[in-house]
Amino acid sequence: MLPKSSIIEPHWQGVWEKQQLFLTDKAPQGPKYYDLVMFPYPSGNLHMGHVRNYAIGDVIARYKRMQGFSVLQPIGWDAFGMPAENAAIKNKTHPEPWTDKCIEHMKVQLKRLGLSYDWSREVNTSKPDYYKWTQWMFLLMYERGLAYRKKATVNFCPKCDTVLANEQVVKEDKCWRCETLVEEKELEQWFFKITEYGDRLLNDLEKLAGWPEPVKIMQRNWIGKSEGVEIKFKIQTPSVPSGHLPLAKGEKERGLVIYTTRPDTLFGVTYMVLAPEHPMALELSKGTSQEKPVRDYIDKVKHESTHERSMKAAKDGVFSGGYAVNPANNDTIPIWIADYVLMEYGTGAVMAVPAHDERDLAFAKQNNLPIKQAEPYTGDLGVKKTNYKLRDWLVSRQRYWGAPIPIIYCDKCGTVPVRKEDLPVLLPTDVKFTGEGASPLTTSKTFLKAKCPKCGGEGRRETDTLDTFNCSSWYYFRYTDPHNNKMPFDPGVSKSWMPVDQYIGGIEHAILHLLYSRFFTKVLFDAGWTSCDEPFTNLLTQGMVVKDGAKMSKSKGNVVDPDNIIQKYGADTARLFILFASPPERELEWSDAGVEGCFRFLNRVWRLVSEPAPPRRGGSKIQGNRDVQSQVPGQIIERKTHQFIKGVTEDVEKFSFNTAIAKMMEFTNLLYEYKNDKSLISNSAFAIRNLLLLLSPFAPHLSEELWHQLGNKDSILKQAWPKYDPALIAETEIVIPISINGKLKDTITVPADAKEEEIKQKALANEKVKNTTAGKQIIKTIYVPGKMINLVIK
RNA sequence: GCCCGGGUGGCGGAAUUGGUAGACGCAAGGGACUUAAAAUCCCUCGGUUGCAUAAACCAUGCCGGUUCGACUCCGGCCCCGGGCACCA
């Protein structure tokens, strides 16, 4: 083993840092390139998913720098969140020191990877100088009428007397700590009106040409715009004649309003379904024999979290005891109550058409309800209505480790926002972490009381904190002006960097994080803070790094420690392997075997460069590449070098790093074939120089070391990306496959400029072709220029 | 359940627009060098039949279709992964 990664890697990292090679100017010099990786949650340990993310980002950053771009590649910490609070509960400590320690450790790990970050722009969302501005964003939303309060259901453990996250609800709706059955509870919560931006978030997806199509489709479906109608059905109950139920305000005739996108299927309606929370659900059963079953069913559903409910495969329900009248044909149809209808969507009630809808069909079969094929209904009915699946964003969290929502409740003035000049609302430290009871903030003596900003009277602070998605929805703006203490970022400075040219992160963020970030950007745009209405021009969604078929995550505990790999093989090998093992968008199954191969490759490069023409020990004679045997080696090397530059450049452009690395391996293998030929020294020097340049974004330490060994004084990182000469890449001979009836028979080698006739003649003269076609008739010849020739015989 | 991906040798993967399936790497087997080992170098390597580096057939999750030609396009299934709004 020649390159001592443990020596050369820290050495060059030190040199780069000393020369401040990765510090970015306040504003770009020349064309800018904002290269962004999703900042990590500081779990305390770097895992392979991170390494993959940052290796991709770093290759792009280094490549773009060599192309002359002014590159901004920052890093920071998405530092608020539940794990720190859980750790505090478990270890009877405080989330802050725990988080700080995690960051400290991960920073050391990150630096070992030799990533070219501008560390002077590091952000930490859990520090007041950052969350001050997260609170500022909340106030901006509030000012613009986009923040409001309403009741919402949460998962609640009655024994711990506390709100649970979905993640804390384990199998069969039990609390993760005490296994008590989780309940649903209604609480007043803060929301952002993201629905007001639904149409823009939907329409502007079309602008995002640099986004993967599947991500756009997922967002489109998530927003779920649909055009339909609301139709009113009259109600009948067996015991009470139609119209006998009390009328709602402004209602002339009692009825059940449903939403449908398919009014044309009205003749096929055989029953109606209400969500269990529908206000009419219980009412309809009153005085019928169904009263008790309905009550029991609604009770049962209450104990199911909305999360579990939406995901269970088998849907259930109960007859309400009431009937409705189909306005199209006056049929009397039963009204059911079932959990496959959601109160949040439409009117919380649907007309069921088993003949047209799969869910209705499954439910009808299960409950022996009629299925009716019917003519399309063409009459005019109901009121046109556009609905969205997208719901307003619930930003309240009943937790400590987040940015406090900057609101004060005053008995006189009501809900009053904290003045911007009074930000930040600091997280108090006199707090208990028990995992029980209401939000920890309610236990602070210093926090709760506050003067009303309006009247100066005694007020009470909001004790909810902001969802951590708030922190990550604007951090890319902060990176552009990270130390500003007068505003979240200077619009002029941010303008010179925004939008992000390339955003890279896990596919698991395809919807929520990316949608919220787009929403924030649009609000900032409307408020005049930015001229971008979309934050990320290009998006690369990397696949997961999995181990034993399962996602590597802190919660699953199947995390592979990159430290071990770096220690054994070095950062260059680790980076190279993770890029080589799989294309970026695809899932990558981690395996320690294969890392070895990349390590061997780097050693081969090392020996190629630093051991000129060593005595070849052992082995048999070296054979030239078969297809170029007849040609002059010097020309071969030159041509292959230009082809190599072209190939790698194209691969890096399309982020096909695995094939780019394969090409470097092939090229290295080729150079080995000519290694001992003294007459080729100048060709080889040219080839090696380019090999190192192209390799440098992938394996920067080794490339830098060898670059200097070759006598270069300046850093390889400052060199220009090589260009190829199109005149020198053309092969003189090409290989044409001959197939008969689509089956390959043989190949022929012809001059690159051979004419069709010449190739056909040569193909027909081929021995194998003659043997196969003997006694048969050639009825068709297909020639694809430069590609192949196919003979169809009978 | 719904939405979005993926399925190619023993393994990770490659394959411009439908045109030589298996590049590159790993693992495996054989050999060279060495007192020996490590490292390095050379050869073989999808499957079946076959003495064969002769030839044929089969082969890109499964079934069917379009085409001179299908991993690639179309229809129907099966399996695996991600997301599903309080994990980030």
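Note that the structure is a prediction, hence the values are computed from the model and not measured. Here is how names work: the chains are called A, B, and so on, in the same order as the sequence lines, proteins then strands, and each is numbered from 1.
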Which whole number of Å gives the distance between the [atom1] atom of [N] and that of [M]?
N     : M     : atom1 : result
B:A39 : B:C87 : C1'   : 46 Å
B:A23 : B:G10 : P     : 14 Å
B:G82 : B:G29 : P     : 35 Å
B:G25 : B:G13 : C1'   : 8 Å
B:G46 : B:C84 : P     : 43 Å
B:U67 : B:C73 : C1'   : 10 Å
B:U34 : B:C26 : P     : 25 Å
B:U20 : B:G69 : P     : 15 Å

Base paired to [N] (Watson-Crick or G-U; both N/O distances under 3.5 angstrom):
N     : answer
B:U40 : B:A32
B:U48 : B:A56
B:C24 : B:G12
B:G18 : none
B:C77 : B:G61
B:A85 : none

At less than 4.0 Å, is any side-chain N or O atom of [X] found next to OP1 or OP2 of [N]? Yes or no.
X      : N     : value
A:K768 : B:A55 : yes
A:R600 : B:A27 : yes
A:R397 : B:C86 : yes

Between the protein and nucleotides 16-21 of chain B, list every N/O to N/O distance that falls short of 3.5 Å.
{"unit_1": "B:U17", "atom_1": "O4", "unit_2": "A:K787", "atom_2": "NZ", "d": "3.1"}

Could you check if a side-chain atom of A:H513 sits within less than 4.5 angstrom of a side-chain atom of A:F469, using non-hydrogen atoms only?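 Yes. Closest side-chain heavy atoms under 4.5 Å.
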Contact check, side chains of A:R604 and A:M665, non-hydrogen atoms, under 4.5 Å: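 The answer is no; the side chains never approach within 4.5 Å.
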Can you tell which of B:C24, B:C68, B:A88 lies closest to the side chain of A:V792?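 Among the listed nucleotides, the one closest to the side chain of A:V792 is B:C68.
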Under-3.5 Å N/O pairs linking protein and nucleotides 56-61 of chain B:
{"unit_1": "B:C58", "atom_1": "OP2", "unit_2": "A:K743", "atom_2": "NZ", "d": "3.1"}

Between the protein and nucleotides 4-11 of chain B, list the N/O to N/O atom pairs that are separated by less than 3.5 angstrom.
{"unit_1": "B:G6", "atom_1": "O3'", "unit_2": "A:R586", "atom_2": "NH1", "d": "3.1"}
{"unit_1": "B:G7", "atom_1": "OP1", "unit_2": "A:R586", "atom_2": "NH1", "d": "2.9"}

Is the base of B:C86 touched by the side chain of A:Q398 through a donor-acceptor pair closer than 3.5 angstrom? yes
With ring centroids as reference points, do A:Y130 and A:W474 lie under 6.0 angstrom apart? yes
